[in-house]
Amino acid sequence: MAFLMKSMLSNQVKNLGLGGGDEEKKEESTPSDPAAAAGMTREEYEEYQKQMVEEKMERDAAFAQKKAERACLRVHLREKYRLPKSEMDENQIQMAGDDVDLPEDLAKMVAEDQVEEEDKDSILGQLQNIQNMDMDAIKEKAQATFTEIKQAAEQKCSVM
């Protein structure tokens, strides 16, 4: 009810010219043409708008490419560690196109990791691991485990 009364009275005051029409004057003083508001000619403004749209498209394309590269990296890591695949990553790669590949730096890192893993999996890598083992610590641990098992068996078995 108060809203209705206020709107009716304000319209009447505006019609009388008692200072309620300032808003209309402000609206008339602002130009309706965005080119004039920016201080440019119509052609300059249209060219500016075209440039803005082109730059935005370039930024969006670069962003999509980076997202696809990251998704490609995640796919490689999932394959390496045998984790479940993600449809979101596959969709990002497909949206960017088939030309997506790992960035050079990341590809080098992946290649180095693969070489290291192949070395560890080879017979020579296993022999090096045997040489680096601390045999005394292994013997002590085995003896401690054996004595624990023996004590547990003695407690459970009445014959021993």
Side-chain angles (χ1 to χ4, degrees), residues 1-135 137-138 141-142 145:
M1 181 77 167
F3 173 76
L4 182 62
M5 291 297 290
K6 185 177 179 181
S7 65
M8 288 175 52
L9 287 175
S10 65
N11 288 338
Q12 293 297 328
V13 172
K14 287 180 186 176
N15 290 339
L16 291 175
L18 296 176
D22 289 338
E23 295 174 6
E24 292 177 10
K25 291 179 184 177
K26 289 179 182 176
E27 289 177 7
E28 292 175 7
S29 65
T30 58
S32 62
D33 188 22
M40 298 182 224
T41 64
R42 188 75 176 151
E43 294 82 22
E44 290 174 341
Y45 186 73
E46 289 175 2
E47 183 65 30
Y48 174 73
Q49 290 296 326
K50 287 179 186 177
Q51 288 176 352
M52 295 297 288
V53 168
E54 289 174 1
E55 288 176 4
K56 184 179 184 321
M57 289 174 55
E58 289 174 5
R59 286 193 309 269
D60 290 344
F63 182 68
Q65 180 71 22
K66 288 289 185 184
K67 283 178 68 174
E69 288 175 355
R70 292 184 196 116
C72 188
L73 176 66
R74 287 191 296 269
V75 166
H76 282 288
L77 289 174
R78 283 191 177 101
E79 288 174 2
K80 178 179 178 180
Y81 295 109
R82 297 181 188 102
L83 298 174
K85 294 182 179 180
S86 171
E87 288 184 27
M88 188 175 73
D89 289 341
E90 293 172 2
N91 291 339
Q92 286 178 349
I93 293 171
Q94 288 175 355
M95 286 174 55
D98 293 333
D99 60 340
V100 178
D101 199 19
L102 285 177
E104 292 179 19
D105 298 338
L106 296 175
K108 288 178 185 176
M109 290 171 54
V110 169
E112 290 173 2
D113 287 345
Q114 287 178 348
V115 169
E116 289 177 10
E117 287 182 11
E118 289 173 1
D119 289 343
K120 288 180 183 177
D121 291 340
S122 69
I123 295 174
L124 293 176
Q126 295 297 329
L127 289 175
Q128 288 176 350
N129 286 339
I130 290 173
Q131 291 174 355
N132 294 335
M133 287 186 198
D134 186 13
M135 293 304 256
I138 293 173
K141 191 170 186 177
T145 305

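Counting from 1, the numbers follow the sequence of the chain as shown.
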Non-hydrogen side-chain atoms of Q94 and N91 separated by less than 4.5 Å: yes
Salt bridge (Lys or Arg N to Asp or Glu O under 4.0 Å) contacts touching residues 47-62 (sequence neighbours left out):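 Listed by first then second residue: K56-D60.
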Partner set under salt bridge (Lys or Arg N to Asp or Glu O under 4.0 Å) for E46, not counting sequence neighbours: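 If we apply the salt bridge (Lys or Arg N to Asp or Glu O under 4.0 Å) test to E46, skipping adjacent residues, the hits are R42.
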Test salt bridge (Lys or Arg N to Asp or Glu O under 4.0 Å) applied to K80 - qualifying residues, sequence neighbours left out: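 For K80 the salt bridge (Lys or Arg N to Asp or Glu O under 4.0 Å) partners, ignoring immediate neighbours, are D113, E117.
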Within residues 63-72 or reaching into it, pairs that qualify as side chain to side chain donor-acceptor pair (under 3.5 Å) - sequence neighbours excluded: none
Which residues share a side-chain hydrogen bond (donor to acceptor under 3.5 Å, both in side chains) with R74, sequence neighbours left out: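 Partners of R74 by the side-chain hydrogen bond (donor to acceptor under 3.5 Å, both in side chains) criterion, ordered by chain and then number, come out as D89, Q92.
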Heavy atoms from other residues, nucleotides or ligands near CD of E87 exceed 12 (cutoff 6.0 Å): no
Residues that E44 engages under side-chain contact (heavy atoms from CB on, under 4.5 Å), provided they are two or more places apart: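 side-chain contact (heavy atoms from CB on, under 4.5 Å) check on E44 returns M40, T41.
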